[in-house]
Amino acid sequence: MTIPILICDDSALARKQMARTLPKDWDVEISYAANGAEGLDVIRAGKGEIVFLDLNMPVMDGYEVLQAVQQQDLPALIIVVSGDIQIKAHERVKALGALDFIQKPVSADAISNILQEYGILTLTQGQQTEDTPMVKVDMRDACQEIANVAMGRAADLLAKLLDVFVLLPIPNVNVLEVSELTMALKATERSSTVSGLCQGFIGAGIAGEALLLFHDSSFEDMAKLMGLENPDDINTEIEVMMDTGNVLIGAFLNGISEQLDMKFSQAHPVVLGRHCSVNELIHDNSEKWQRTLAMEINYRIEDYNIQCDLLLLFTEDSIPTLNYKLGYLLD
């Protein structure tokens with residue numbers, strides 16, 4: 001009997017990768033949803049007996065979908081597939097009724113093992129249904145998905161080091177001029193000042209800078225979590241920025257390098273400015289960046305007044321190599 005499958009993820013690349021990892025001889029009919037609200041509609045329509053669910057999505061995220069399925073007693077077995085690999089994320093989705101958790105990027109072996117472990121894999125002599133809808137993926141979507149996975153790696157490391165839960169957004173990826181970057185970042189300012197550092201990176205055909213904007217209101221709580229005294233002291237503030245940058249930037253770049261199968265060399269981090277507006281910080285360093293592909297992630301720590309923005313600014317010359325590397329993920 002054909003099993004109705006739902007793949008619910010805001011990334012077209014992730015949906016395509018997920019569909020490709022399903023067992024080829026599993027008799028299924030696949031439906032797709034780009035956010036949790038669409039996913040619930042598919043489940044209510046009886047087309048999501050087995051659901052592969054992302055956590056970070058617009059409109060309605062994965063946690064909200066799990067809550068709705070649980071509260072409304074909807075007939076769906078849900079396997080979470082996410083780049084957010086924090087232990088507390090695992091615990092929360094299990095408490096909300098998820099069957100299990102798979103780390104992105106997914107592999108065919110991981111999917112097959114879980115399906116067999118729970119006795120829900122039914123093998124037939126036929127092939128996967130031919131009317132599976134095609135999934136179209138563009139390069140911006142692919143960049144956003146690799147940023148999503150890298151973001152989760154960085155958050156997991158920070159969460160383990162500080163024993164906290166890191167709230168994750170949907171990464172924002174765009175090709176921007178410096179003036180557009182300034183305007184985009186003003187949304188993160190919220191009438192507060194920031195301190196920033198940057199760290200250059202380079203690989204084969206790809207180069208750029210990682211920019212960490214640390215909201216000044218975050219220093220006190222972050223210093224406490226790190227066990228540091230005198231959070232208002234200039235040396236403490238710089239230590240907090242440097243340590244946070246080392247964790248987030250290093251883990252994020254490692255996450256991207258693993259997905260693109262390449263290595264990055266990193267320069268020593270440099271403080272760009274302290275206690276200034278985002279506009280001032282970007283303007284004072286605008287000569288460093290011209291047209292750039294920007295990956296922007298806003299990290300927040302639950303129950304603490306801690307917020308920082310991580311941007312990866314790839315040089316315009318890096319875009320052809322990125323497109324070439326991403327092409328392997330799209331094939």
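These figures come from a predicted structure and were not determined experimentally.
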Rounded to the nearest 0.5 Å, what separation is found between the CD atom of E237 and the OG atom of S218?
11.0 Å
Sorted by chain and number, sequence neighbours left out, side chain to side chain contact (heavy atoms under 4.5 Å, CB included) with Q144 holds for D10, R140, I170, P171, V173
Hey, are E302 and R92 close enough for a salt bridge, meaning a charged N less than 4.0 Å from a carboxylate O?
yes
Do T21 and Q17 get their side chains close enough for a donor-acceptor pair, meaning under 3.5 Å?
no
Nearest 0.5 Å, please: how far is CG in L96 from CD in Q67?
5.5 Å
Roughly how far, to the nearest 0.5 Å, is OG of S257 from CZ of F264?
6.5 Å
Side chains of E38 and C8, heavy atoms from C-beta outward: is any pair under 4.5 Å?
no
Side chain to side chain contact (heavy atoms under 4.5 Å, CB included) against Y304, all qualifying residues, sequence neighbours excluded:
V164, D221, L225, I301, I306
Which residue, N298, V194, L213, forms the side-chain contact (heavy atoms from CB on, under 4.5 Å) with Q307?
N298
For I114 against I102, the heavy-atom pair lying closest together:
CD1-CG1, 3.2 Å
Donor-acceptor check, side chain of R15 to backbone of D9, threshold 3.5 angstrom: yes or no?
yes
Can you check whether T244 reaches M222 side chain to side chain, under 4.5 Å on heavy atoms?
yes
Does one hydrophobic cluster hold both L322 and I202, with members joined at side-chain heavy-atom distances below 4.5 Å?
no
With rounding to the nearest 0.5 angstrom, report the CD1 to CG distance, I120 to L115.
4.5 Å
The side-chain hydrogen bond (donor to acceptor under 3.5 Å, both in side chains) partners of S318 (sequence neighbours excluded) come to T315
So, D309 and H215: side-chain donor and acceptor under 3.5 Å apart, yes or no?
yes
Kindly state each residue pair satisfying side-chain hydrogen bond (donor to acceptor under 3.5 Å, both in side chains) with at least one member in residues 71-88, sequence neighbours excluded.
R44-Q72, D84-Q86
Is there a donor in the side chain of D54 and an acceptor in the side chain of S11, or the other way round, less than 3.5 Å apart?
no
Enter the distance from M18:CE to L13:CG here, rounded to the nearest 0.5 Å.
13.0 Å
V271 side chain reached by S195 side chain, heavy atoms, under 4.5 Å
no
Parallel, tilted or perpendicular, judged at 30° and 60°: which one describes the rings of H90 and F101?
parallel
Going by atom type alone, with no hydrogens or angles, which donor-acceptor pairs under 3.5 Å involve a side-chain atom of residues 228-235 and a protein atom two or more places apart or on another chain?
from, atom 1, to, atom 2, distance (Å)
D233, OD2, N235, N, 2.9
D233, OD2, T236, N, 3.4

Verdict with reasoning, F201 to F314, per ring-ring contact (aromatic ring centres under 6.0 Å, His included)
CA-CA 9 Å; F201 60 88; F314 295 88; 5.4 Å; yes
cation_pi(R300, F165) dist<6.0 Å, angle<=45:
no
For a quick test of your reading: what N or O donor-acceptor pairs under 3.5 Å do the side chains of residues 151-163 make, sequence neighbours left out?
from, atom 1, to, atom 2, distance (Å)
R153, NH1, E258, OE1, 2.7
D156, OD2, K160, NZ, 3.2

Distance (rounded to the nearest 0.5 Å) between L197 CG and E209 CD
10.5 Å
If we ignore hydrogens and angles and just use 3.5 Å, is the side chain of Y118 paired with the main-chain N or O of L99 as donor and acceptor?
yes
Got a donor-acceptor contact below 3.5 angstrom from the D61 side chain to the M57 backbone?
no
So if you build clusters from Ile, Leu, Val, Met, Phe, Trp, Tyr with side-chain heavy-atom gaps below 4.5 Å, do L55 and L167 land together?
yes
Is the shortest side-chain heavy-atom distance between F52 and V106 below 4.5 Å?
no
